[in-house]
> 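Okay, handing you the structure first.
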Protein chains: 2
Amino acid sequence: MRALNADTGYLLYRLGLQSGRLFNAILEESGLRLRHYALLRYLSSVAGAPQRELSDRLGYDPSAIVSLVDDLQRLELVERRPSPGDRRSRIVVLTERGKDALRDTDKAGNRVTDDLLGPLDAEDRAALHALLQRVAERDRS
Amino acid sequence: MRALNADTGYLLYRLGLQSGRLFNAILEESGLRLRHYALLRYLSSVAGAPQRELSDRLGYDPSAIVSLVDDLQRLELVERRPSPGDRRSRIVVLTERGKDALRDTDKAGNRVTDDLLGPLDAEDRAALHALLQRVAERDRS
DNA sequence: AACAACTATTGACGACAACAATGATTGGCC
DNA sequence: GGCCAATCATTGTTGTCGTCAATAGTTGTT
């Protein structure tokens, strides 16, 4: 992992991989994977979204969304509801159990993050978080 | 991509994915992928390493290293040399052409990073880079 | 009423990563 | 010196994921 003279984008890639691995390990015990978590997390920020929106925002193929929602629905973490205005569309919403699961997973995520950001003190972590968030918001539409 | 209340580890994961996609797009034209680049980059920092070390440091399976080195050797970017002390082991070294290719790819990587870090000024970028580097050096052995 | 565009879904194909098994070589141990 | 466990690179296998094309149902347009 030591590539000292690497540039920032590459560092982001490497650390993202590592962070993803850690998250996956945590999620494994609940039978989920990172993609499920990403979907739940997005749903928690919008309170219901049609699958097409999930595909666009998360960058997954529509067919991938189908099986992800299938899995989560099987665990009763989300529901498919008919869209009032458009009968083609189905809006996916978090169930109460889904919200609980997300809270639990977030706690586990915090532990992972604590581990990952070992060498940084509280102030540094806040600074890093702020910087990353600004970069992430770069391409919101 | 907007998951506003996400924690830092998850942000790292999402941004790492995006950064990886951008890098892969750049590398595509030279017939390489991110893993090849990671391998070249590591080799440039140690001047020769047995495949087992590459596997450990980069976190890829030994079998993955085989095909990666195969690819790079086919492009004459690296060479397999017999290890003086251990005939089981083969040390992989950069060729001159490999060093050139790495330089070119680094330039392209800088362009990608510039794009990714759009909203940050020079000072912020330096701060982010320093923070990421400290996290990355957390688990050097 | 006909037609193009869109939503979710299914199915297929190729790429690729993680895992187990193998041949060659090394070092330890008695 | 001979046996045995461990190690390195390689091969093969399996499962997963991303991408693409095709389909059924629905919407809006003309």
Side-chain angles (χ1 to χ4, degrees), chain A residues 13-14 16-25 27-28 31-39 42-43 46 48-74 78-93, chain B residues 13-14 16-25 27-28 30-39 42-43 46 48-74 78-93 141:
Chain A
Y13 162 69
R14 296 291 302 174
L17 270 190
Q18 187 171 353
S19 183
R21 271 194 290 264
L22 290 173
F23 264 81
N24 257 329
L27 290 171
E28 194 174 353
L32 300 176
R33 266 161 299 162
L34 251 166
R35 309 183 139 223
H36 300 105
Y37 175 71
L39 207 157
Y42 179 78
L43 281 183
V46 294
Q51 300 185 193
R52 173 64 203 231
E53 178 180 336
L54 297 176
S55 169
D56 289 339
R57 290 305 182 80
L58 299 174
Y60 302 146
D61 191 87
S63 61
I65 302 292
V66 173
S67 16
L68 288 178
V69 175
D70 281 348
D71 295 339
L72 294 173
Q73 201 170 28
R74 198 171 302 121
V78 303
E79 278 182 8
R80 271 185 247 241
R81 295 188 185 159
S83 173
D86 190 335
R87 281 184 306 174
R88 294 173 297 183
S89 178
R90 321 195 175 169
I91 56 180
V92 184
V93 296
Chain B
Y13 162 69
R14 295 290 301 174
L17 271 189
Q18 186 171 354
S19 181
R21 270 194 291 263
L22 290 174
F23 263 81
N24 259 329
L27 290 171
E28 194 174 354
S30 28
L32 299 177
R33 267 163 301 158
L34 250 165
R35 304 186 144 218
H36 299 104
Y37 175 71
L39 207 157
Y42 179 78
L43 280 183
V46 293
Q51 300 185 194
R52 173 64 203 230
E53 178 179 336
L54 297 175
S55 170
D56 289 339
R57 290 304 181 81
L58 299 174
Y60 302 149
D61 191 87
S63 63
I65 302 292
V66 172
S67 13
L68 289 177
V69 175
D70 282 348
D71 296 339
L72 294 173
Q73 200 170 29
R74 198 171 301 121
V78 303
E79 279 181 8
R80 271 186 248 241
R81 296 186 184 161
S83 174
D86 190 334
R87 280 184 308 173
R88 294 174 298 183
S89 178
R90 320 194 176 171
I91 56 180
V92 185
V93 296
S141 63

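Excluded from the calculations below are hydrogen atoms, water molecules and symmetry mates; all remaining heavy atoms, backbone and side chain alike, are included. Predicted model, so just to flag it, every value in this text is computed and none were measured. Each chain gets a letter, A, B and so on, in the order its sequence line appears, and its residues count up from 1.
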> Quick one: B/Leu68 CG to C/dA18 C1', roughly how many Å, whole number?
14 Å
> Using a cut-off of 4.0 Å between protein heavy atoms and nucleotide atoms, how would you tag nucleotides 19-30 of chain D 5' to 3' with B, S and -?
BB----BBS---
> From CG of B/Asn24 over to P of C/dA15, roughly how many Å is that when rounded to an integer?
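So the two atoms are 15 Å apart, to the nearest Å.
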> Among residues at least two apart in sequence or on other chains, which ones pass side chain to side chain donor-acceptor pair (under 3.5 Å) with B/Ser30?
none
> For B/Tyr13, which residues count as a side chain to side chain donor-acceptor pair (under 3.5 Å) partner, sequence neighbours excluded?
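Residues passing side chain to side chain donor-acceptor pair (under 3.5 Å) with B/Tyr13: none at all.
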> Suppose we screen for side chain to side chain donor-acceptor pair (under 3.5 Å). Which residues come up paired with B/Arg33, at least two apart in sequence or across chains?
none
> Whole-Å distance between C/dT9 P and A/Asp71 CG?
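Between P of C/dT9 and CG of A/Asp71: 13 Å.
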> Could you state the atom-to-atom distance from CZ of A/Arg90 to P of C/dC6 in whole Å?
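Taking CZ of A/Arg90 and P of C/dC6, I get 19 Å after rounding.
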> Do the numbers put B/Arg57 on top of the ring of B/Tyr42, so that NZ or CZ is under 6.0 Å from the six-membered ring centre and no more than 45° off the axis?
no
> Please report, rounded to the nearest Å, how far the P atom of C/dA24 is from the CD atom of B/Gln51.
17 Å
> Looking at residues at least two apart in the chain, or sitting in another chain, which of them share a salt bridge (Lys or Arg N to Asp or Glu O under 4.0 Å) with B/Glu53?
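Salt bridge (Lys or Arg N to Asp or Glu O under 4.0 Å) check on B/Glu53 returns nothing, list empty.
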> Looking only at the side chain of A/Arg52 (C-beta and beyond, no hydrogens), which of the listed nucleotides D/dA9, C/dT7, C/dA15 gets closest?
C/dT7
> Rounded to whole angstrom units, what separation is found between the CG atom of B/Leu39 and the P atom of D/dA9?
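Interatomic distance, CG of B/Leu39 to P of D/dA9: 12 Å.
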> Please name all residues satisfying side chain to side chain donor-acceptor pair (under 3.5 Å) with B/Asp70, sequence neighbours left out, ordered by chain then number.
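So B/Asp70 forms a side chain to side chain donor-acceptor pair (under 3.5 Å) with B/Arg80.
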> Can you tell me if the side-chain N/O atoms of B/Ser89 get under 4.0 Å from OP1 or OP2 in D/dA9?
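Answer yes for this pair, as a side-chain N or O of B/Ser89 is under 4.0 Å from OP1 or OP2.
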> Rounded off to whole Å, could you give me the CG-to-P distance for the B/Leu54 and D/dT10 pair?
11 Å
> Within the pair B/Arg33 and C/dC16, is there a side-chain N or O less than 4.0 Å away from OP1 or OP2?
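Checking B/Arg33 against C/dC16: at least one side-chain N or O falls below 4.0 Å of OP1 or OP2.
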> Would you indicate, yes or no, if C/dA8 has its OP1 or OP2 atom less than 4.0 angstrom from a side-chain nitrogen or oxygen of A/Arg80?
no
> Take the protein atom CG of B/Leu34 and the nucleotide atom P of C/dA17, then report the distance between them rounded to whole Å.
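For the pair B/Leu34 CG and C/dA17 P, the rounded distance is 10 Å.
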